[in-house]
Structures are given as C-alpha cells and as structure tokens.
Amino acid sequence: MAEVGAESLWLWIGTAGMTLGTLYFVGRGRGVTDRKMQEFYIITIFITTIAASMYLLMATGFGLTEVQVGGEPLAIYWARYADWIFTTPLLLLDLALLAGAHRNTIATLVGLDVFMIATGVIAALEPNATFRILWWGISTGALFVLLYVLYSVLSADVSTKPPQVQRLFGQLRTLTVVLWLAYPIVWLVGTEGTLELIPLYWETAAFMVLDLSAKVGFGLLLLRSRSTLAEAARPE
Ligand code: RET
C-alpha cells in the first residue's frame, strides 16, 4: 500500500488554505438576502468545502492508492479526481450564472467537464503507459472544446450585462483559461504522465497552488463586490 511521503506538507497547506477560504466565504455571505445573489455564495462555499475535505483525505493517506503501470507501482492520489468531478462543474456554474447563460449552455459545459475529468480518471488508472497518454489526449480535447464554449457562447451571453459584470466575467474567464490549461501539463510532466520529469513532491506543490488559485482565488474575485453581484442577479 502506498504511503504519503514528504509531499504531505503541500497537502496540509492545501487543507488549511481551502478551510480558511471556506470560512471567509461563509463570513462574507452572511446577511446576503437576495436569492439570486445567494446562489454565488452557496456554490463557491461548496467548492472550497469539497476541496478542503479531499485535501484532508489526501494528507491523511486514505486518498492515495497505487496502480501498476508496466509492472511498476505508481502512487495515484485518487481523491484529486473526486474533488475535481464535483468542483469543476460548480466553478463553471458560477461563471455561467454570472454570464446569464441558458440552461442548454450550462448543461453542455457541465457535460464536457464531467467527460474531461472522467477520462482523466481513466488516464490515471490505466496500466498501459501508451494508453494513459491516449486518454490524457481525449481528456485534453474535451478541455479545449469546453474553453471554446466559454469563449464563444458564454462571452456572447455576458455582452448584454452591465459593464462591471462584463469586466468581472472577463477577469474570471482569463483566470480560468490560464489555470485550467496548466492542469494537463502538470499531469503530463508529473508522475501520472510517467515521463518522470517532475517528482511527486513538486507535482503535489504545483497542483496545490493551482487548486488554491482556481478555487479560493476565483472565489475572492467573484465575491469581492456585492454591487457587481447584485447587477448580475438583476432580472433582465
Ligand atoms: C487532467 C488529466 C487529463 C487531461 C486533463 C486534465 C484536466 C484537469 C483540469 C482540472 C481542473 C481542476 C480545477 C480544480 C479546482 O481547483 C484530469 C489533469 C485535461 C482542467 C480547476
């Protein structure tokens, strides 16, 4: 059975960061009475709560398993995927609600996203090194289609919203595109890609920084201005 090594440092920092983020968002959400505005707080609080618990699961070792790749044992933190399969659709939901997207667009984004993470799980568990890269490619293809929908359909939706909402959406979209594109790269050059370019210790640090930025950083930006959220929540 695989055991958590020195990378536990980063996993504990991740646990603490996600917990602090959750508490901060709960504090900020107190007193928000508008139902539409509450949606942003509820979604964002769930994102960091799920991440905090999955980071705790990894730090304490239960979130870690071992797969045999080419006859060699490989440590896989499966709890990452349990986190991402729920939190990445919720992040997209935040963006879609901000943009005032139609439910068909939301369903398309969530569908692509779940497909991306699910094929990423296959890539992580596949015992054949070549097929691992094949599934990585399929998952990355879904990511590109998803980012295209974000740029085309969602960006068109937000163009009818007030300028401050458009500005906030633009910032969050850039943050999302830049950070999300880094995930498949870290995966490939890290231990999962079996290229052995970056050791597990640094890969875990990289994912922790990405996760905190994509969740707590995203939430700080989104929930920063109540007046902007009120504009976004106003019925057209
Ligand atoms: C994997 C591996 C296979 C290829 C691709 C991946 C993409 C993962 C992404 C994760 C995003 C996570 C976020 C977490 C929040 O904190 C599964 C690594 C494309 C995009 C935003």
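Read the numbers this way: they start at 1 and go in the same order the structure lists the ligands and their atoms.
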For this session: Grab the two heavy atoms, one from P184 and one from W136, that are nearest each other, plus how far apart they are.
Result: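 The answer is O-NE1, 3.0 Å.
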
Problem set entry | Heavy-atom pair with the smallest gap, counting every atom of L168 and L222 | CD2-O, 4.0 Å

Quick one: side chains of residues 204-214, donor-acceptor pairs under 3.5 Å with protein atoms, not counting sequence neighbours, listed by atom name and distance.
from: T204; atom 1: OG1; to: L200; atom 2: O; distance (Å): 2.6
from: D211; atom 1: OD1; to: W84; atom 2: NE1; distance (Å): 3.4
from: D211; atom 1: OD1; to: Y183; atom 2: OH; distance (Å): 2.6
from: D211; atom 1: OD2; to: Y55; atom 2: OH; distance (Å): 2.8
from: S213; atom 1: OG; to: V209; atom 2: O; distance (Å): 2.7

Sub-4.0 Å atoms of ligand 1 with respect to non-hydrogen atoms of [X]:
X    : answer
K215 : 14 (C), 15 (C), 16 (O)
P184 : 4 (C), 5 (C), 19 (C)
S139 : 3 (C), 4 (C), 5 (C), 6 (C), 19 (C)
W136 : 3 (C), 4 (C)
T140 : 4 (C), 19 (C)

Exercise. Does the pair K215/D94 count as a salt bridge with the N-to-O cut at 4.0 Å?
Worked result: no

Exercise. Nearest protein heavy-atom contact for atom 1 (C) of ligand 1: which residue, which atom, what distance?
Worked result: W187 CD1, 4.3 Å

Problem set entry | For atom 9 (C) of ligand 1, the protein heavy atom that lies nearest, with its residue and separation | Y183 CB, 3.5 Å

For this session: Report whether L181 and L95 are members of the same hydrophobic cluster (ILVMFWY, side-chain heavy atoms less than 4.5 Å apart, transitive linking).
Result: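 Same cluster.
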
Exercise. Is V145 reachable from V178 through a run of hydrophobic residues whose side-chain heavy atoms are each under 4.5 Å from the next?
Worked result: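 Different hydrophobic clusters.
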
For this session: List in chain and number order the residues that pass side chain to side chain contact (heavy atoms under 4.5 Å, CB included) with P199, two or more places apart in sequence or in another chain; answer none if no residue qualifies.
Result: W202

Which bit of [X] is near ligand 1, meaning a heavy atom under 4.0 Å away: side chain, backbone, both or neither?
X    : value
W180 : both
L210 : neither
M116 : side chain

